[in-house]
There are 2 protein chains.
Amino acid sequence: MARSQTTKKPTRIQREKTRSILEAALDVFSERGFRGSTLDMIAERASLSKPNILYYFDSKEAIHKALLAELLQTWLAPLHGIDEAGDPIEEICGYVAQKLKMAQEFPRESKLFANEVLQGAPHILGEIQGELKALTSEKARVVSEWIKAGKIAAVDPYHLFFSIWATTQHYADFDIQVRTVLGDEAEGANPFETAGPFLDNMYRKLLNPAS
Amino acid sequence: MARSQTTKKPTRIQREKTRSILEAALDVFSERGFRGSTLDMIAERASLSKPNILYYFDSKEAIHKALLAELLQTWLAPLHGIDEAGDPIEEICGYVAQKLKMAQEFPRESKLFANEVLQGAPHILGEIQGELKALTSEKARVVSEWIKAGKIAAVDPYHLFFSIWATTQHYADFDIQVRTVLGDEAEGANPFETAGPFLDNMYRKLLNPAS
DNA sequence: ACAATACTTGACCATATAGTCAAAAAATAT
DNA sequence: ATATTTTTTGACTATATGGTCAAGTATTGT
């Protein structure tokens with residue numbers, strides 16, 4: 001029986017092949033989008049035959065879903081870290097730095113997520129309505145408390161998060177545009193490196209309560 | 001001979017049908033991406049037969065290219081408006097407001113562009129390397145002058161533009177996420193409306209020279 | 001009215017691609 | 001060693017889809 005329909009403890013081969021497939025699929029999906037990707041491309045990149053891939057996953061869509069499920073946890077992790085008891089400005093700027101770092105280290109995941117949401121989040125709308133919404137709502141409450149306590153300037157917490165998500169992921173999702181505009185001619189600086197101080201400065205000014 | 005290969009002055013029917021097709025294609029492409037869209041979908045939405053569509057455009061790709069060409073002009077227009085002689089903060093905040101308004105009024109164009117750039121801009125890399133890069137570079141120079149003159153705070157002009165593009169287009173491109181997180185339950189407020197003041201405030205604080 | 005031109009389409013074709021299957025090969029258990 | 005289970009794959013099918021074409025219909029110019 002196909003591995004993908006079994007419930008027993010996975011063997012070493014199963015773990016390894018499943019990993020290879022997800023790794024290859026992340027490459028392909030993030031570059032070409034779900035519909036622009038074919039099982040043959042994934043198979044080739046994973047050095048497996050197409051039927052072999054379908055032995056481990058029931059369908060192309062199943063691979064995609066598995067990736068998105070992993071992804072969302074990665075995506076949400078930094079948000080969990082915002083600590084109500086910490087220094088508000090450091091907490092938020094730390095979050096910005098972490099999101100930027102994730103965009104730099106996991107650009108494929110960022111693009112996969114962007115692709116999915118752009119098309120109306122057909123596969124993870126449920127999770128967005130659930131986990132993401134709940135967590136954002138909770139952290140928005142924390143920001144509101146900080147504002148009430150006069151620790152940071154009064155800004156809309158939701159738009160604060162949106163702007164952080166937008167600015168940080170922009171460097172991964174629109175990297176071609178960013179690199180082109182900055183000049184591909186290897187002017188040395190990595191966009192992520194120079195974006196760090198810019199964003200840090202922007203959010204410190206935005207949140208500084210003494211204004 | 002097929003209209004699409006002719007050079008004569010277009011007739012009324014040609015203008016109308018071409019418009020219908022581009023309109024329908026913008027709907028479909030922006031919702032599903034280039035590869036996720038089929039000529040049949042475009043044909044149906046335009047109330048035309050598939051061969052009829054191919055009478056006006058040589059290929060699916062030709063439709064896409066035509067859309068992107070129009071699009072880029074729309075996209076760049078607000079940037080042209082930044083006036084070196086104007087008040088720096090008003091110029092930039094005006095630009096932000098205009099970009100936000102365009103995201104609100106032309107979400108399909110924004111998504112089409114996002115889709116294209118996400119996949120590495122295969123069809124408009126040339127234009128990005130040309131027009132977009134040149135114009136951005138010129139306006140970055142203007143911002144630098146303002147900084148040198150002490151009229152606005154010192155920030156990286158390129159990252160300033162990136163952050164403006166990212167934050168404004170985010171509301172169009174990621175609208176499902178934005179609306180979901182804010183609560184679909186029609187809590188009244190339109191995300192674009194509430195984003196306006198937030199972004200205006202953010203950029204005024206960022207650029208305020210007295211800090 | 002008549003010809004010339006522009007437009008439209010049903011019926012195709014060629015190709016790409018997700019997914020199947022039976023049989024072989026490899027790994028594992030006894 | 002042998003039986004059992006897991007893994008692998010060549011050959012295949014069904015369908016979707018971009019694009020063609022010849023034959024028709026409508027429009028326009030004279």
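Residue numbers start from 1 in every chain, and the chains themselves are labelled A, B, ... in the order their sequence lines are given, proteins ahead of strands.
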Do the charged groups of A/Lys65 and A/Glu70 touch, with an N to O distance under 4.0 Å?
no
When the distance from CD1 of A/Ile21 to C1' of D/dT8 is rounded to whole Å, what number comes out?
12 Å
Without placing hydrogens or testing angles, list every side-chain donor-acceptor pair under 3.5 Å for residues 111-123 of chain A, not counting sequence neighbours.
unit_1	atom_1	unit_2	atom_2	d
A/Lys111	NZ	A/Asp175	OD1	3.3
A/Asn115	OD1	B/Gln119	NE2	3.3
A/Glu116	OE1	A/His123	ND1	3.2
A/Glu116	OE2	A/His123	N	2.6
A/Glu116	OE2	A/Ile124	N	3.2
A/Gln119	NE2	B/Asn115	OD1	3.3
A/His123	ND1	A/His64	ND1	3.4
A/His123	NE2	A/Glu61	OE2	3.2

Does C/dT20 have OP1 or OP2 sitting under 4.0 Å from an N or O in the side chain of A/Tyr55?
no
Ignoring hydrogens and geometry beyond distance, is a side-chain donor-acceptor pair present between B/Ser163 and B/Tyr203 at under 3.5 Å?
yes
How bent is the helix from C/dA1-D/dT30 to C/dT30-D/dA1, measuring the angle between the end axes built from five pairs each, rounded to 10°?
20°
So A/Phe192 and A/Tyr171, would you call those rings parallel, tilted or perpendicular, with 30° and 60° as cut-offs?
tilted
N-O pairing of B/Glu16 and B/Arg19 below 4.0 Å
no
Of C/dG19, D/dG19, C/dT8, the nucleotide closest to the side chain of A/Leu39 is C/dG19
Counting only heavy atoms and a strict 4.0 angstrom limit, can you tell me which residues of residues 43-51 of chain B come near DNA chain C?
B/Ser49, B/Pro51
Looking at C/dT9, I'd like to know if its phosphate oxygens (OP1 or OP2) sit under 4.0 Å from a side-chain N or O belonging to B/Asn52.
yes
A/Glu44 atom CD: more than 12 heavy-atom contacts under 6.0 Å:
no
What I want to find out is whether A/Glu23 reaches A/Arg108 closely enough, with some N-O distance under 4.0 Å, to be called a salt bridge.
yes
Measuring to OP1 and OP2 of C/dC7, would you say a side-chain N or O of B/Gln14 lies under 4.0 angstrom away?
yes
